[in-house]
Structure formats: C-alpha cells, structure tokens
2 protein chains.
Amino acid sequence: MPAQTSLDSDQLSAYFALMDVAGLLKHAVEQQLREEGDLSYVQFQLLARLALDSPTGSERMTDLADGVVYSRSGLTYQAGLLEKAGLVSRAPSVDDERSVTVSVTDAGRAVIARVIPGHVEVLRQQLFSPLSGADTQSLRDLLVPVRDHMRAAPPRSAGSRRRR
Amino acid sequence: MPAQTSLDSDQLSAYFALMDVAGLLKHAVEQQLREEGDLSYVQFQLLARLALDSPTGSERMTDLADGVVYSRSGLTYQAGLLEKAGLVSRAPSVDDERSVTVSVTDAGRAVIARVIPGHVEVLRQQLFSPLSGADTQSLRDLLVPVRDHMRAAPPRSAGSRRRR
DNA sequence: TATTGTTATACTCTATAACTATA
DNA sequence: TATAGTTATAGAGTATAACAATA
C-alpha cells in the first residue's frame, strides 16, 4: 500500500468543511465578544482559561502561552492589553524570579460573566443547532484525539523555545 | 424543556476542540504555504477556488467574496496582491461592466501545483493520521451540514452587502 | 437608486531579533 | 549556559467609510 500523494474526496471535503466552519464561527464569536466585552478571541481565551480553568485564577506566562498564543511576544502584547484594561494583573513569581504570574482580577471575572451568555447563544445558533446531542458527542470524540496528536507533534515553529 | 443558558460538557469540549484543531492546522498550513509558495491561506483559498473549482478558471469578485473573505475591501486587497504576483488577472466583465472577472494565470496554476503535495503532506500528518477512513467520513458528514447552516444564516456582518 | 468594486485610512495582531534578568 | 519575559520594529491582514462607475 504506497503512500498516497493526494487526498480522497472525503478527506478534502472534511478539511475544507473544518476550516470553513471554524473560520465562520470564529468570525461570529469575535463580533459578539467585541460588542459585548470589547475582547478579541485570544483575549477571551486567556481570560477564560484563568477565570474558568485555573483553580487559583493565576498562571505563569509560559503555561498560558502553551496552546493559546503562538509566540511569546504575542502573549506579552495581549497580556499587556488585558492588564491595561484592568482585567488581569502581573507579578513576578514567588518561586522563580524569572517567571511572571498572571492573575484574573475581579473586573476580569466580571467581563467573562457578562460575555458568556451571548457567547453561548452564538454557539447554539451557529454551531449546535444542526447537531444532535449524539452528533456533538461524535464531533468531540473525533476532534479531541486530533488536538492531542497535534499538540504532541507540533509543526516545528509552534514548538517550545528550547526546540529552536 | 426550557432553553438552556449554558452548554453541556460535550458541547463545551467540542467547541474548544474544534477551534483548537482548526487554529493549529491553519498555523501549520500557513507555514507550509508561505515557505513553498509564498502564499497566505486566503490567497491559497482564492487561487485554489479558481484553479480547481472553477471550470473556466474565472469568477466575479462578488462570487469569490462569498465564502472566502469577509469584507470586499479585503478581497480587493488580496486580489491586488495576487495580480501583482502575476498569479491572477483582472478584467471588466463582459456582461456587466460594473463587475470584475478574476482569472487564474498559468503561473497561478503552477504555484498551486507546486504547493499541493506539501500541503497534502501537512494535512496527512497533522489532521488525518489519528483518523480512520470512517472517522474522516463521519467528520465530513458532521461538519458539512454545519457549514451549510452557517452560510444560510450568516452572522449579520458576513452577509451580502444588500443586507446592511 | 441600488450594486460593484476600489481607495484611503486606521487599527489589530503576529513574528523576529535583540535585550535584560534570573536559574 | 539556558530559560523567562520584554521591547523595538516591521509586516500582513482586516474593516469602515467615502468614492466612482455602471445597472
């Protein structure tokens, strides 16, 4: 069985459908986030990760960078914007003076809380309304392993700094 | 059954997995397209649509805009870059003097041909290697209806100009 | 009047490379 | 020496609004 040099039609249409759906969806949620919370998608990701995923509401810059932003300077830029808006604070880490710990503020949590209902509504209308519960679960089960695989085998430039 | 104001955990993880996979994949293919063809993803989409999807290799700006770029000025900008690079040509449409017909040149077809193998290779490694043939078909069958639904009910600003 | 496309403009985001400071 | 983060800088992409030309 030789390695194919082209894709079959299922692969092609899956690829384009994936990119189209994600592109349209991102566009829709970015508009909602901008209107209701003055947030970009990346800023929402950062804030949501701190406010919803982290028990302490804090993470080091390096840990935040993994999976949210592609370059460190980009993260510095976004964190700076969030800090200027009063939604996060930054302080040197206690255990390692090189590191910076980013923390959501109360104002940051308030923005997330304010933005979530409209966000959910967009997702419901745009993404989930054509999908049954079983469909959604299938989609999840298909995509989560792909994400894990991609994160495990990063495309060179997305690797950690030590790989360069 | 009242309308929920939050998402269940399958929906949440499907949403984030979708956005993460598409973001990582876009990042990977953009790098490949830039290295091997000096193309951005949008430029690749435009060129591929003309070279692969259109029987004549030509389309009106308005038709190109549908589903590729979000604003008309953005399409003008990208078409200008492609024209400057000699990959497309633009001419007034014969039937409607207001319209502009964009056509792939031979050089444009050559760039697509040069870029495709590496593109397929990235897709194979990043997206398809964790998916069986049946998985790929399932993914396609789940996402194509979502795309159709999104295109049918655009999120306001992505609509055609006459809707504004 | 409505539609097609372009232009001027401003802004956001991202990346590279050089730099500082700590481990 | 290696790692964490910042800064300066430059470039790409996008959107809005005003505009010209055609239907």
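As a basis for the values below, the full set of heavy atoms in this structure was taken, side chains included, without hydrogen atoms, waters or symmetry mates. These numbers were taken from a predicted model, which means no experiment stands behind them. In the text below, chain A, chain B and the rest are named by the order of the sequence lines, each starting its count at 1.
- Side chain of B:Arg124 to backbone of A:Ser6: a donor-acceptor contact under 3.5 angstrom is found.
- Applying the ring pair (Phe, Tyr, Trp, His ring centres under 6.0 Å) rule to A:Phe44 yields the partners A:His119; only residues at least two apart in sequence or on another chain are considered.
- The distance from atom OH of B:Tyr70 to atom P of D:dT16 is 14 Å, rounded to the nearest whole Å.
- Atom CG in A:Leu24 sits about 13 Å away from atom P in D:dT14, given to the nearest Å.
- Contact annotation: side chain of B:Ser73 to base of D:dT16, donor-acceptor pair present below 3.5 Å.
- When rounded to the nearest whole Å, the span between CZ of A:Arg72 and P of D:dT3 equals 10 Å.
- When rounded to the nearest whole Å, the span between CG of A:Leu64 and P of D:dT6 equals 11 Å.
- No donor-acceptor distance shorter than 3.5 angstrom exists from the side chain of A:Glu59 to the backbone of A:Val102, with no hydrogens or angles considered.
- The distance from atom CZ of B:Arg60 to atom C1' of D:dT22 is 13 Å, rounded to the nearest whole Å.
- No more than 12 heavy-atom neighbours from other residues, nucleotides or ligands sit within 6.0 angstrom of CG on B:Asp106.
- Of the N and O atoms on the side chains of B:Thr101 and B:Ser93, at least one donor lies less than 3.5 Å from an acceptor on the other residue.
- Side-chain atoms of A:Gln43 come within 3.5 Å of backbone atoms of A:Ser40 as a donor-acceptor pair (strictly under, hydrogens ignored).
- Among A:Leu46, A:Leu47, A:Leu81, the single residue meeting the side chain to side chain contact (heavy atoms under 4.5 Å, CB included) criterion with A:Leu39 is A:Leu47.
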Using the 3.5 Å cut-off, write out each protein N or O paired with an N or O of nucleotides 10-13 of chain D and the distance between them.
| unit_1 | atom_1 | unit_2 | atom_2 | d |
| --- | --- | --- | --- | --- |
| D:dG13 | OP1 | B:Arg34 | NH2 | 3.3 |
| D:dG13 | OP1 | B:Ser40 | OG | 3.1 |

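- Side-chain N/O atoms of A:His27 include one lying less than 4.0 angstrom from OP1 or OP2 on D:dA15.
- If you measure from atom CG of A:Leu33 to atom C1' of C:dT12, you get 15 Å, rounded to the nearest angstrom.
- Atom pair B:Lys26:NZ and C:dC13:C1' shows a separation of 12 Å (rounding to whole Å applied).
- Listed by residue number, B:Arg90, B:Arg98, B:Ser99, B:Val100 are the residues of residues 88-100 of chain B with a heavy-atom contact under 4.0 Å to DNA chain C.
- Going from atom CG of B:Leu75 over to atom C1' of C:dT3 covers 15 Å, rounded to whole Å.
- Between B:Asp148 and B:Arg151 there is no salt bridge, since no side-chain nitrogen of the basic residue lies less than 4.0 Å from a carboxylate oxygen of the acidic one.
- Looking only at distances, a side-chain donor or acceptor of A:Thr105 sits under 3.5 Å from a matching main-chain atom of A:Gly86.
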